[in-house]
There are 2 protein chains.
Amino acid sequence: MDKQHSQCPVEFTVNMVGGKYKLVILYQLAIHGVRRFNELRRELSNITPRTLTRQLRELESDGLINRQVYSEIPPKVEYSLSETGKSLYSLLLQFEKWGLNYMANNPK
Amino acid sequence: MDKQHSQCPVEFTVNMVGGKYKLVILYQLAIHGVRRFNELRRELSNITPRTLTRQLRELESDGLINRQVYSEIPPKVEYSLSETGKSLYSLLLQFEKWGLNYMANNPK
DNA sequence: ATATATACTATCCTTTAGGATACCTTAAAG
DNA sequence: CTTTAAGGTATCCTAAAGGATAGTATATAT
């Protein structure tokens with residue numbers, strides 16, 4: 001994804017959180033604190049497990065989320081925002097706020 | 001793009017400004033006020049004219065930017081933020097701020 | 001014995017975004 | 001009479017994102 005070579009800070013941030021699902025996942029984690037795989041799956045109603053796995057892995061390798069595995073059967077894995085992920089909080093709120101406002105002013 | 005049916009405000013906003021270039025274009029317009037086609041092309045150094053045209057057309061049909069055509073030869077077209085586009089200002093600043101901060105704390 | 005639950009992985013396929021390159025128009029400048 | 005300039009279009013192609021579906025492991029519940 002060539003994340004290193006973005007000179008523009010906006011472009012850099014887009015490369016970190018861009019795509020159809022990442023901001024929504026981060027938003028769910030910001031709201032709920034901790035989420036499990038299937039909880040996220042239900043909240044992102046059209047996502048397939050393959051796609052969700054990949055998005056989570058990318059967020060993890062970019063250091064935005066933590067993945068906590070419990071050695072239990074059936075498996076239990078919890079996702080949460082890392083400190084870096086938490087620093088996206090006000091950005092996430094801007095997305096929420098803008099969407100709410102737009103939808104309120106352009107109903108239906 | 002099914003923009004109407006996004007229930008989640010974050011998802012809705014992502015559908016409006018998502019993609020590799022849209023936020024960067026909006027950011028350039030926010031900074032400079034008015035930009036011409038080839039000015040944007042130079043600022044988004046790897047974009048092809050076809051892609052830039054499409055991004056601009058989508059932003060225009062979503063009501064985020066204005067397109068002002070002057071009947072001159074050679075052609076002159078100016079792009080600027082609409083009022084709705086201007087309402088993205090603080091969201092754009094969050095992207096800029098987060099990117100700058102990340103890059104400062106993770107140098108090289 | 002069978003079903004259920006979780007958190008996946010594997011394989012294959014479709015869709016969408018984006019890139020490369022060439023070309024168009026018209027007027028003025030050299 | 002050729003070049004340059006602006007703001008594109010047209011055609012074709014590649015790459016990346018994402019979707020569909022099936023399957024795995026293992027313990028507990030029925």
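Residue numbers start from 1 in every chain, and the chains themselves are labelled A, B, ... in the order their sequence lines are given, proteins ahead of strands.
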Does OP1 or OP2 of [N] have a side-chain N or O of [X] closer than 4.0 Å?
| X | N | value |
| --- | --- | --- |
| K20(A) | dG19(D) | yes |
| Y79(B) | dA6(D) | no |
| T48(A) | dG18(D) | no |
| R54(A) | dG18(D) | no |
| R35(B) | dA6(D) | no |
| Q55(A) | dA17(D) | no |

Round to the nearest Å and state the distance from [X] atom [atom1] to [N] atom [atom2].
| X | N | atom1 | atom2 | value |
| --- | --- | --- | --- | --- |
| I47(B) | dG19(C) | CD1 | C1' | 11 Å |
| K76(B) | dT26(C) | NZ | C1' | 17 Å |
| E58(B) | dG18(C) | CD | C1' | 12 Å |
| F37(B) | dT9(D) | CZ | C1' | 10 Å |
| R41(A) | dA7(C) | CZ | P | 10 Å |
| N38(A) | dA5(C) | CG | P | 10 Å |
| L52(B) | dT21(C) | CG | P | 18 Å |
| E72(A) | dA5(C) | CD | P | 17 Å |

If we check side chain to side chain contact (heavy atoms under 4.5 Å, CB included) with F95(B), which of these qualifies: L93(B), L91(B), L92(B)?
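With F95(B) as partner, L93(B), L91(B), L92(B) yield a single side chain to side chain contact (heavy atoms under 4.5 Å, CB included), made by L91(B).
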Could you tell me whether the side chain of R50(A) has a donor or acceptor atom within less than 3.5 Å of a complementary atom in the base of dG18(D)?
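Yes, the side chain and the base share a sub-3.5 Å donor-acceptor pair.
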Base, sugar-phosphate, or nothing: which does R57(A) touch, judged by heavy atoms less than 4.0 Å apart?
sugar-phosphate
Nearest to the side chain of R67(B) - dC8(C), dG8(D), dG18(D)?
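Closest of the options to the side chain of R67(B): dG8(D).
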What nucleotide, of dT6(C), dG18(C), dG8(D), holds the atom closest to the side chain of R36(A)?
dT6(C)
Linking I/L/V/M/F/W/Y whenever any side-chain heavy atoms sit under 4.5 Å apart, do I31(A) and L29(A) land together?
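Same cluster.
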Testing R42(B), R36(B), R35(B), R41(B) one by one against E39(B) for a salt bridge (Lys or Arg N to Asp or Glu O under 4.0 Å), which residue passes?
R35(B)
Do R67(B) and V77(B) come within less than 4.5 Å of each other through their side chains, counting heavy atoms only?
yes
So, do W98(A) and Q94(A) sit near enough that their side-chain heavy atoms are less than 4.5 Å apart?
no
Both I73(A) and P49(A) contact DNA chain C. Taking the nearest nucleotide for each, which residue is further toward the 5' end?
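Nearer the 5' end of the strand: I73(A).
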For P75(A) and T53(A), take the nucleotide of DNA chain C holding the closest heavy atom to each; which residue's nucleotide lies nearer the 5' end?
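On the 5' side of the pair lies P75(A).
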